[in-house]
Amino acid sequence: MAKELTESKIMQALDFAYEKAMTGLPGLDSAVEMAESYMKESGSLEDRANSLVRWQNTKAATSGFVTGLGGLLVMPVTIPANLASVYFIQIRMIAAIAHMAGYDVRDDKVKAMVYACLTGNAAKEVLKDVGIQFGKKLAQASINKITGATLTKINQAVGFRLLTKAGTTGIVNLSKMVPILGGVIGGAVDLTATNIVGSTAVRLFITEDAKTAA
């Protein structure tokens, strides 16, 4: 199945997963709703974002969470169901972090930054290639300067890297699979990989700002 993947299919899958992250799935909060619940916790913004990353990764391995992912089986593009579940889990987490930092997650430019975070440690290189410096807190002003051409470049880079990753790691290292609703959904994602993605999002959207405010 992985050999049938293309960059176009992956980007269509990301867009579908992103929309589901915005609206939520049966039994699962939207990214914004999840973010708001973590905003009520004590500690700094960075602490609360890190808490979200830790606990959402743990919850992603539970049967209740997996059952909620059944809605992804209606995805309009054919990709492995377990891969679709990973995209949803990670996009929902990253978008929640972006919302916690005050960004409009419905903005296509913020959406592109969320997608860049999916590449994990490669995000710095992806953004550098389009002239965005990862080492400093992403500012709304810098997002506003992103052009349509830059968005296209970011999405192309993300699609290429995710396609390569899916083709070389056996569909992003899912450690467990369970049958559900006639399809197969990953019951537990590779927590190490997902933690890297979450940490990347915290660094991009929050960390520098938190340090400045401290």
Side-chain angles (χ1 to χ4, degrees), residues 10 14 17-18 21 28-32 34-62 65 83 85-103 105 109-130 132-140 142-143 154-155 157-162 164-166 168-169 171-175 186 188-214:
I10 284 181
L14 294 188
Y18 198 96
L28 299 176
D29 290 342
S30 69
V32 170
M34 182 169 68
E36 292 295 335
S37 68
Y38 278 88
M39 286 296 288
K40 296 176 183 178
E41 294 187 359
S42 59
S44 68
L45 180 59
E46 185 177 355
D47 288 339
R48 285 174 280 177
N50 285 329
S51 176
L52 183 153
V53 172
R54 286 194 305 272
W55 293 109
Q56 288 305 309
N57 287 345
T58 301
K59 290 178 182 178
T62 66
F65 190 97
L83 183 58
S85 71
V86 171
Y87 288 160
F88 172 79
I89 291 167
Q90 295 184 346
I91 285 173
R92 178 170 172 260
M93 174 180 64
I94 300 165
I97 291 169
H99 178 77
M100 291 173 73
Y103 293 95
V105 291
K109 297 174 182 179
V110 175
K111 182 179 177 181
M113 295 299 101
V114 170
Y115 286 176
C117 290
L118 289 171
T119 65
N121 292 329
K124 182 176 181 179
E125 183 178 344
V126 167
L127 296 179
K128 180 181 179 181
D129 287 345
V130 296
I132 299 175
Q133 188 173 353
F134 189 88
K136 295 182 179 180
K137 165 70 165 60
L138 186 67
Q140 188 63 51
S142 63
I143 288 182
I154 293 172
N155 289 337
V158 170
F160 173 77
R161 289 178 182 276
L162 293 184
T164 301
K165 183 178 181 181
T168 58
T169 62
I171 312 301
V172 286
N173 292 327
L174 289 173
S175 57
V189 301
D190 182 325
L191 296 186
T192 299
T194 301
N195 271 315
I196 289 173
V197 168
S199 296
T200 298
V202 173
R203 291 200 308 274
L204 180 64
F205 290 110
I206 292 177
T207 302
E208 293 301 321
D209 184 55
K211 290 180 178 178
T212 301

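Quick caveat, the model's predicted, so the values are computed rather than measured.
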## Note on the structure
Between the OG atom in S42 and the CG atom in D47, the distance rounded to the nearest 0.5 Å is 8.5 Å
#### Entry: Considering all heavy atoms, the nearest A96-A35 contact
O-CB, 3.3 Å
### Query
Of the non-hydrogen atoms in A95 and A31, which two are nearest, and what is the gap between them?
CB-CB, 3.8 Å
### Task
Indicate yes or no: at least one non-hydrogen side-chain atom of Y18 is less than 4.5 angstrom from one of V105.
yes
### Query
What distance do L127 atom CG and M113 atom CE have between them, rounded to the nearest 0.5 Å?
5.0 Å
### Summary
CG of L162 to OH of Y87, rounded to nearest 0.5 Å, is 4.5 Å
#### Entry: Nearest-0.5 Å distance that lies between atom OG1 in T200 and atom CD1 in I94
8.0 Å
### Query
So how far is it from T119 OG1 to K165 NZ, rounded to the nearest 0.5 Å?
8.5 Å
### Message
Run V130 and V126 through side chain to side chain contact (heavy atoms under 4.5 Å, CB included) and show every step you take.
### Response
CA-CA 7 Å; V130 296; V126 167; 5.9 Å; no
### Query
Are side-chain heavy atoms of L14 and N155 found at a separation under 4.5 Å?
no
## Note on the structure
For A49 and V202 the tightest heavy-atom approach is CB-CG2, 4.0 Å
### Query
Of the non-hydrogen atoms in Y38 and L52, which two are nearest, and what is the gap between them?
CE2-CA, 3.4 Å
### Query
Given the rule in the side chain to side chain contact (heavy atoms under 4.5 Å, CB included) test, do I132 and I154 qualify, once you have shown the distances and angles that lead to the verdict?
CA-CA 10 Å; I132 299 175; I154 293 172; 4.2 Å; yes
### Task
Identify the heavy atoms of L204 and C117 that sit nearest to each other, and give their distance.
CD2-SG, 3.6 Å
#### Entry: Audit row: D29, R92, side chain to side chain contact (heavy atoms under 4.5 Å, CB included) steps and yes/no
CA-CA 9 Å; D29 290 342; R92 178 170 172 260; 4.1 Å; yes
### Query
About how many Å separate CE of M100 and CZ of R48, when rounded to the nearest 0.5 Å?
6.0 Å
#### Entry: Contact summary for L45 and A101, nearest pair of heavy atoms
CD2-CA, 4.2 Å
